[in-house]
Novice: 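Mind looking over this structure? Questions follow.
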Amino acid sequence: MEEVNNIEVVPCTDSDYLKPFRVHYNQNGTKKSWDFMRTHDSVSVLIFNTTSHCFVLVKQFRPAVFMCEWERTKSQPHQSAEKTEEGSAEAAGPESPEGQSASEGESSSVWPPASAGVTYELCAGLVDKPDLSLEEIARQEVLEECGYNVPASKLKRITSYRSGVGVTGSKQTMFYAEVSDDNCVSAGGGEPREGELIEVVKVPLHEAMTFAYNERIPKTMGVIFSFIWFHNNMSPKYKISTNV
């Protein structure tokens with residue numbers, strides 16, 4: 001997962017996922033403009049394994065995160081990138097092979113380690129199948145990414161919210177799913193035909209809140225929020241501790 005090379009940054013002139021626009025409008029008599037991206041809405045799923053009392057997350061390399069780290073560190077070439085909990089052993093970073101390039105006029109000689117682009121996330125996916133319900137899309141993502149076969153009817157809707165409100169304004173709907181070892185029908189890992197390379201990660205319940213608040217572990221806000229939601233809503237039911 002963390003072997004990344006032959007990096008090349010080029011202009012994005014066409015995409016199936018992002019469409020840039022500029023909107024002009026008047027607000028309270030003031031003329032304004034705003035640049036934004038149109039993208040798909042999404043679903044995410046907090047998965048709790050009742051057999052092993054652990055949360056099931058996914059871990060994957062995110063190019064956007066990697067490039068943000070590059071932007072942050074490129075002006076400090078003599079300082080090593082901040083180490084992450086799961087990437088400190090690779091702090092030296094990959095070699096920069098022939099053919100690597102960055103945006104015009106930028107140096108590509110110092111890339112952060114590939115681990116700088118790896119994040120921990122909830123199982124999630126795009127809402128790009130108009131003939132399927134959100135629950136069914138979420139069910140498919142749980143099966144593909146994490147290997148658990150859960151009926152859509154067993155998914156509990158937690159809430160929905162806007163993400164990237166300054167750029168995309170897309171909506172994500174979050175679900176909760178309880179699984180057991182009996183529901184596990186495959187190793188997961190995502191859909192290779194779609195370019196997914198996903199590692200399934202289990203976080204023990206008693207370590208959940210420590211994990212959530214550890215800033216050295218790169219994670220999405222969805223992970224933090226969902227762990228807090230579980231602590232407030234599900235822990236009393238099971239009379240179990242999330243180590244808060």
Side-chain angles (χ1 to χ4, degrees), residues 1-2 42-62 64-66 68-69 72-73 79-93 112-125 138 141-142 145-148 150 155-161 163-164 172-181 183-184 187-190 197-244:
M1 175 184 292
E2 297 176 14
S42 61
V43 295
S44 62
V45 187
L46 172 63
I47 304 172
F48 179 64
N49 187 313
T50 59
T51 304
S52 55
H53 275 196
C54 67
F55 295 107
V56 181
L57 303 181
V58 297
K59 175 184 174 185
Q60 56 186 320
F61 176 79
R62 290 297 195 179
V65 175
F66 178 82
C68 282
E69 282 299 300
R72 185 179 66 84
T73 60
Q79 297 183 20
S80 59
E82 182 180 350
K83 298 178 182 178
T84 64
E85 190 75 11
E86 288 295 315
S88 59
E90 297 184 38
S115 57
V118 174
T119 59
Y120 293 84
E121 311 167 16
L122 297 179
C123 171
E141 293 298 335
V142 171
E145 294 190 357
C146 300
Y148 292 94
V150 182
L155 293 173
K156 174 184 175 65
R157 184 175 180 139
I158 297 177
T159 190
S160 63
Y161 47 86
S163 59
Q172 182 166 96
T173 302
M174 181 182 291
F175 294 93
Y176 171 67
E178 289 188 351
V179 302
S180 68
D181 289 348
N183 299 123
C184 190
L197 181 58
I198 293 171
E199 179 181 339
V200 179
V201 177
K202 295 182 178 180
V203 178
L205 182 61
H206 66 276
E207 299 176 7
M209 299 309 292
T210 300
F211 180 94
Y213 287 109
N214 187 341
E215 294 186 47
R216 296 186 61 203
I217 302 176
K219 68 188 75 68
T220 62
M221 188 62 205
V223 171
I224 300 173
F225 169 78
S226 63
F227 282 10
I228 295 173
W229 174 87
F230 185 95
H231 170 73
N232 290 338
N233 294 274
M234 306 306 292
S235 291
K237 172 183 175 182
Y238 291 108
K239 297 182 180 179
I240 45 184
S241 172
T242 48
N243 194 29
V244 177

Novice: Calculate, to the nearest 0.5 Å, the distance between atoms SG and CZ belonging to C68 and R62 respectively.
Specialist: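 Between C68 SG and R62 CZ, I get 13.0 Å after rounding to 0.5 Å.
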Novice: Measure across S42 and Q172 and return the closest heavy-atom pair with its distance rounded to 0.1 Å.
Specialist: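 Smallest heavy-atom distance, with atoms named: OG-NE2, 2.8 Å.
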Novice: For residues V65 and A116, report the shortest heavy-atom separation together with the two atoms involved.
Specialist: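 Nearest heavy atoms, V65 then A116: CG1-O, 3.5 Å.
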Novice: Among I224, L122, T119, L57, exactly one meets side chain to side chain contact (heavy atoms under 4.5 Å, CB included) together with K219. Which residue is that?
Specialist: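 So, applying the side chain to side chain contact (heavy atoms under 4.5 Å, CB included) to K219 and each of I224, L122, T119, L57, only I224 qualifies.
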Novice: Can you find a heavy atom in the side chain of F175 that is under 4.5 Å from one in the side chain of V43?
Specialist: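 Answer yes - side chains close enough.
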Novice: Could you tell me whether the side chain of S226 and the main chain of L46 form a donor-acceptor pair under 3.5 Å?
Specialist: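 Such a contact is absent between S226 side chain and L46 backbone.
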Novice: Report yes if the distance between the aromatic ring centroids of F55 and F211 is under 6.0 Å, otherwise no.
Specialist: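 Centroid separation for F55 and F211: 6.0 Å or greater.
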Novice: Do you know the tightest heavy-atom contact between F66 and A114?
Specialist: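 Scanning both residues completely, I find the closest heavy atoms to be CE1-CA, 4.0 Å.
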Novice: Side chains of V58 and C146: does their closest heavy-atom pair fall under 4.5 Å?
Specialist: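 Contact flag for V58/C146 side chains = yes.
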Novice: For the CZ atom of F230 and the CE atom of M209, what is their distance to the nearest 0.5 Å?
Specialist: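 Atom-to-atom, F230:CZ and M209:CE are 11.0 Å apart.
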Novice: So how far is it from I47 CD1 to N183 CG, rounded to the nearest 0.5 Å?
Specialist: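 It is 10.5 Å, given to the nearest 0.5 Å.
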Novice: Checking E178 against T50: is there a side-chain donor and acceptor pair closer than 3.5 Å?
Specialist: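 No, E178 and T50 have no side-chain donor paired with an acceptor closer than 3.5 Å.
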Novice: Which heavy-atom pair separates F227 from A208 by the least distance, and what is that distance?
Specialist: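 Closest approach of F227 to A208: CD2-O, 3.3 Å.
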Novice: Could you walk me through whether T220 and E121 pass the side chain to side chain donor-acceptor pair (under 3.5 Å) test, one step at a time?
Specialist: CA-CA 6 Å; T220 62; E121 311 167 16; over 6 Å; no
Novice: Indicate the atoms forming the closest heavy-atom contact of C54 with P204, along with that distance.
Specialist: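 Here C54 and P204 meet closest at CB-CA, 3.9 Å.
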Novice: Answer whether the closest heavy-atom distance between the side chains of R157 and Y176 falls below 4.5 Å.
Specialist: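 The answer is no; the side chains never approach within 4.5 Å.
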Novice: Would you say OH of Y213 has more than 12 non-hydrogen atoms from neighbouring residues, nucleotides or ligands within 6.0 angstrom?
Specialist: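 Counting neighbours around OH of Y213, 12 or fewer heavy atoms of other residues, nucleotides or ligands fall under 6.0 Å, so no.
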Novice: For the atom pair CH2 (W229) and OG1 (T159), what is the distance rounded to the nearest 0.5 Å?
Specialist: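 Reported to 0.5 Å precision, the distance equals 10.5 Å.
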Novice: Could you pull out the closest heavy-atom pair between N49 and S180, with the gap in Å?
Specialist: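 Closest heavy-atom pair between N49 and S180: OD1-CA, 3.9 Å.
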